[in-house]
Amino acid sequence: MDITLVDAAEGEQTLTVMATANPKASHYRMGDELELITIEGQGAWIMEGGEWVDATGSEQMFVALFDALAPDTVVAGYGLDRYADVFRPQGTESKNGVQATHYHLDAQDVAQLEGGEDFPADGVFDLWIAEDGGYLVAMVFSGTDPETGAALEFRMDVSRVNDPSLVIAPPV
């Protein structure tokens with residue numbers, strides 16, 4: 001999955017996460033700033049100064065990081081369940097290589113809800129949910145941060161779900 005945050009004041013940053021279930025493993029990359037691999041039962045490694053460093057003992061921290069970035073956790077963090085009644089289906093389309101139902105909401109939709117005052121007045125939210133499997137395929141949020149006045153955009157794209165060719169191995 002790719003998670004991209006665009007902040008008008010700070011620029012754009014993308015975190016790419018690959019994960020497998022068997023073995024339970026993950027590989028994170030954020031530009032040239034961060035790269036780490038963890039493989040359950042085998043160890044953990046972090047890229048420092050262009051060299052892979054053994055970080056065995058940190059696996060649980062890295063697993064917790066992956067769990068915090070899992071699509072379902074991110075969606076729950078946005079409190080989307082409170083907006084469920086106002087997400088409008090936009091039809092089925094191909095997104096990230098799968099057929100997905102596209103849902104949309106904006107500030108006008110949220111205004112109908114009690115507790116929707118924290119949603120930015122120019123906020124727009126789009127979700128794509130896989131037709132087969134019901135998992136999050138993509139989401140895009142944009143709006144102005146009410147605290148800083150900065151324009152923000154958050155994108156998450158999930159791909160290669162259950163792809164048997166995806167392999168995460170210890171660094172060489």
Side-chain angles (χ1 to χ4, degrees), residues 1-20 26-38 46-48 58 61-131 133-161 163 166 168:
M1 99 183 126
D2 290 320
I3 300 172
T4 303
L5 178 62
V6 182
D7 181 320
E10 302 290 326
E12 180 175 315
Q13 290 190 335
T14 298
L15 173 64
T16 298
V17 180
M18 294 184 298
T20 60
S26 55
H27 185 164
Y28 307 81
R29 179 178 290 135
M30 184 181 298
D32 296 330
E33 302 163 25
L34 170 73
E35 188 167 2
L36 59 93
I37 295 172
T38 183
I46 189 164
M47 177 68 74
E48 289 183 359
S58 301
M61 179 182 70
F62 296 154
V63 168
L65 174 63
F66 177 75
D67 289 345
L69 295 173
D72 294 343
T73 306
V74 172
V75 169
Y78 269 92
L80 295 181
D81 53 339
R82 67 183 162 157
Y83 303 135
D85 292 339
V86 293
F87 266 105
R88 292 175 279 139
Q90 304 295 298
T92 301
E93 56 194 69
S94 180
K95 185 72 171 174
N96 296 339
V98 300
Q99 287 300 109
T101 302
H102 177 189
Y103 295 92
H104 175 85
L105 74 78
D106 56 36
Q108 291 178 355
D109 301 314
V110 175
Q112 305 170 38
L113 299 174
E114 183 178 325
E117 303 83 26
D118 61 340
F119 197 85
D122 62 345
V124 175
F125 217 127
D126 289 280
L127 293 173
W128 289 264
I129 305 296
E131 289 284 302
Y135 60 88
L136 178 71
V137 174
M139 67 184 242
V140 177
F141 169 80
S142 63
T144 302
D145 183 329
E147 293 179 22
T148 66
L152 300 173
E153 182 175 321
F154 177 87
R155 298 186 303 260
M156 178 183 280
D157 286 290
V158 178
S159 60
R160 298 181 66 188
V161 173
D163 181 344
L166 183 62
I168 299 172

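In this text the structure is predicted, and so the values were computed from the model without any measurement.
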**Request:** Indicate yes or no for a side-chain donor-acceptor contact from Asn96 to the backbone of Val137 under 3.5 Å, with no hydrogens or angles considered.
**Result:** yes
In the structure I gave you, are the side-chain heavy atoms of [X] and [Y] within less than 4.5 Å of one another anywhere?
{"X": "Gln99", "Y": "Ser94", "result": "yes"}
{"X": "Phe125", "Y": "Val110", "result": "no"}
{"X": "Met47", "Y": "Ile37", "result": "no"}
{"X": "Asp109", "Y": "Phe87", "result": "no"}

Nearest non-hydrogen partners of [X] and [Y], listed with the distance:
{"X": "Thr20", "Y": "Leu166", "result": "CG2-O, 3.6 Å"}
{"X": "Phe119", "Y": "Asp106", "result": "CE2-C, 3.9 Å"}
{"X": "Ala107", "Y": "Pro120", "result": "CB-O, 3.4 Å"}
{"X": "Gly123", "Y": "Phe141", "result": "CA-CE1, 4.4 Å"}
{"X": "Met18", "Y": "Ile168", "result": "O-CD1, 3.5 Å"}

**Prompt:** Out of Leu136, Leu127, Asp2, which one pairs with Met156 under the side-chain contact (heavy atoms from CB on, under 4.5 Å) rule?
**Reply:** Leu136
**Message:** Tell me which one of Arg88, Gln90, Glu93, Lys95 satisfies side chain to side chain donor-acceptor pair (under 3.5 Å) with His102.
**Reply:** Glu93
Atom [atom1] in [X], atom [atom2] in [Y]: separation rounded to 0.5 Å?
{"X": "Tyr28", "Y": "Ile46", "atom1": "OH", "atom2": "CD1", "value": "11.0 Å"}
{"X": "Thr4", "Y": "Glu153", "atom1": "OG1", "atom2": "CD", "value": "8.5 Å"}
{"X": "Gln13", "Y": "Leu34", "atom1": "CD", "atom2": "CG", "value": "10.5 Å"}

**Request:** Carefully, step by step, assess His27 and Glu35 under the rule side-chain contact (heavy atoms from CB on, under 4.5 Å).
**Result:** CA-CA 7 Å; His27 185 164; Glu35 188 167 2; 2.8 Å; yes
